[in-house]
Protein chains: 2
Amino acid sequence: MRIALDAMGTDEAPGTEVAGAFDAFGDHGRELEILLVGDREEIEAELARGGRDYPQDRLRVVHAPERILPGDQPVSAVRRKPRSSIALGVGLLKDGLADAFVSAGSTGAVLAASLFKLRRIPGVARPTLGALLPTSKSPTLMLDAGANVDCKTEHLVQFARLGNVYAQDLMGVDRPRVGLLNIGEEPEKGDERALETYGLLSESGLHFVGNVEGRDIIRGVCDVLVCDGFVGNVLLKFYESVAELIIGLLGKSTKEMHHDKRLDEVLRVLDYAEYGGAPLLGVNGVAVICHGHSPPKAIRNAIGVAARAVRSGMVAHIQRELGTRVPAKETA
Amino acid sequence: MRIALDAMGTDEAPGTEVAGAFDAFGDHGRELEILLVGDREEIEAELARGGRDYPQDRLRVVHAPERILPGDQPVSAVRRKPRSSIALGVGLLKDGLADAFVSAGSTGAVLAASLFKLRRIPGVARPTLGALLPTSKSPTLMLDAGANVDCKTEHLVQFARLGNVYAQDLMGVDRPRVGLLNIGEEPEKGDERALETYGLLSESGLHFVGNVEGRDIIRGVCDVLVCDGFVGNVLLKFYESVAELIIGLLGKSTKEMHHDKRLDEVLRVLDYAEYGGAPLLGVNGVAVICHGHSPPKAIRNAIGVAARAVRSGMVAHIQRELGTRVPAKETA
């Protein structure tokens, strides 16, 4: 299992990535090999800081002299910086030199590089970016989380199918409950797109549990929550910011919070790092995208997500499911 | 100042409404007259419970023998139940027997009754329901909060103008900062509607501060936040549910929280009751809609919102602003 890890993605790269990689070895042992992709000098300085044990033969540095910055326009950045950690990392995946790619860098650039190099799985109109939302029960995979706006109803139904595979393979749910984000419970509620999507999901053969309102999300009423990337992105960023604000206002370190049973529970519901990264679904390969503010725990968990996706054969599963079900519908 | 108060709206009606009305007299004194609209017997039983001082000559009961229930289809309920507290309450406003109407009942029914009886202000294509979102600074008026979906760009620009008047008249902001809810900061981000609306708002003469992302909302970066009612409704309900969950997990009463400086600050950011109610903007009259779970504090504050709207002449202000600016654009 070879995971290419973008070492230059987080706000405190490459320290966070190296720490996350170290922790991941603790989870996966010698089964795992990590390719740290980024500035060799910076990464080696971080590795040399010592004090941590890691299997040196299982960790390699792949030098990437270029770097895609947060302000860069994603598509042109991937083209202009072919030796960036993102372009090189996705390239390793494409060339069969890695089984998965994990990055906390520019979401847009990882998306663009994945679409260029890995390409869409035939039958998938629009690959989608999911996000795992913490809830008071098990997490909910919301998709799309911002990669696709102005979605048509058939795109939303495909997101549901992609999420269904993810929930089966990575969340261990046999028959995932699929919900449609909407502004009321009744089938006749919503905007035109939601109304039509409701009908299509009802007849999809998926375990469709109906409309899910904003207030239901946190209650964990579904495993897969389908929405257009506009509302998904607004919701995700809002959730993260509320979490940060509340944790900030409580004025305690996360360590202190873990010691207080009540605060620990609050933290669990608010802490996106728990789930690590969000998978890009519908491309020919396993790419996991983390938050730019990710702490080492999120990197470690994202490596775990990537490893489970590889082990379960998620990409082949998507090829089977979506290739069969929507044979000729490559509307882009 | 005569405020008609729907006494049958909250989950614990009419007790909550009566308690809120009592508190409102404390704020406004003899300037205020409240018409409690609802089941006379239930209201009088509540009033007779005693223990509270209130100016008996300033409080009247208007009997409403019918009641619109949460499950009722709003438009037909208003037609079928003309003697419901909502239909009668809006009727008092229409007939000049009250200066404002406050309700925690069915949002859809208050909307429908207001559109039928009060009618749109000429020039306003779609009256809009706002919601005051608590932030780490001053509250933000988000609109639309769920009354209008499938909005066109010109509707969003009107929401901005309506919100601008509200923020001037009721929030005391001279030159309200107007933001557009979007999925990125840059002008070229967003779906088609957001892109086009960005251009229109830039040329609107309003103090447009640009795109506001999900993560910026809680930071209070604008006074008026414009969005389609689909995303607005999802966001609002999500916010309320996160607040409830966190407060629940903290396992303390709000009284206990007020005693802890840090928790008090958390509560302030999460507590929608602080702002009472959301105004319906663009109809010929002052109608304020509260949450169905409103505690007495929210009713009291909603009465305060209604009183300020009446005092400031908000409706006439909207008539001046929108009548002038969009003279013949009555696209429904």
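Numbers restart at 1 for each chain; the letters A, B, ... are given by sequence-line order, proteins then strands.
Listed by chain and residue number, B:Val178, B:Leu201, B:Leu206, B:Val226 satisfy the side-chain contact (heavy atoms from CB on, under 4.5 Å) test with B:Ala160 (two or more places apart in sequence, or in another chain).
In terms of heavy-atom pairs under 4.5 angstrom with chain B, the leader among A:Val212, A:Val234, A:Val149, A:Val242 is A:Val234.
The contact between A:Leu245 and chain B is made entirely by side chain atoms (from C-beta outward), counting heavy-atom distances below 4.5 Å. Heavy atoms of B:Ile183 lying under 4.5 Å from chain A belong to its backbone as well as its side chain.
Here the straight-line distance linking atom CG of A:Leu249 with atom CG of B:Leu267 works out to 11.0 Å at 0.5 Å rounding. One finds the CZ atom of A:Phe238 at 10.0 Å from the CG atom of B:Leu181 (value rounded to the nearest 0.5 Å).
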Are there any donor-acceptor pairs closer than 3.5 angstrom between chain B and chain A, and if so, which ones?
unit_1: B:Asp150; atom_1: OD2; unit_2: A:Glu192; atom_2: N; d: 2.9
unit_1: B:Ile183; atom_1: O; unit_2: A:Lys237; atom_2: NZ; d: 3.2
unit_1: B:Glu192; atom_1: N; unit_2: A:Asp150; atom_2: OD2; d: 2.9
unit_1: B:Glu213; atom_1: OE1; unit_2: A:Lys237; atom_2: NZ; d: 2.3
unit_1: B:Lys237; atom_1: NZ; unit_2: A:Ile183; atom_2: O; d: 3.1
unit_1: B:Lys237; atom_1: NZ; unit_2: A:Glu213; atom_2: OE1; d: 2.3

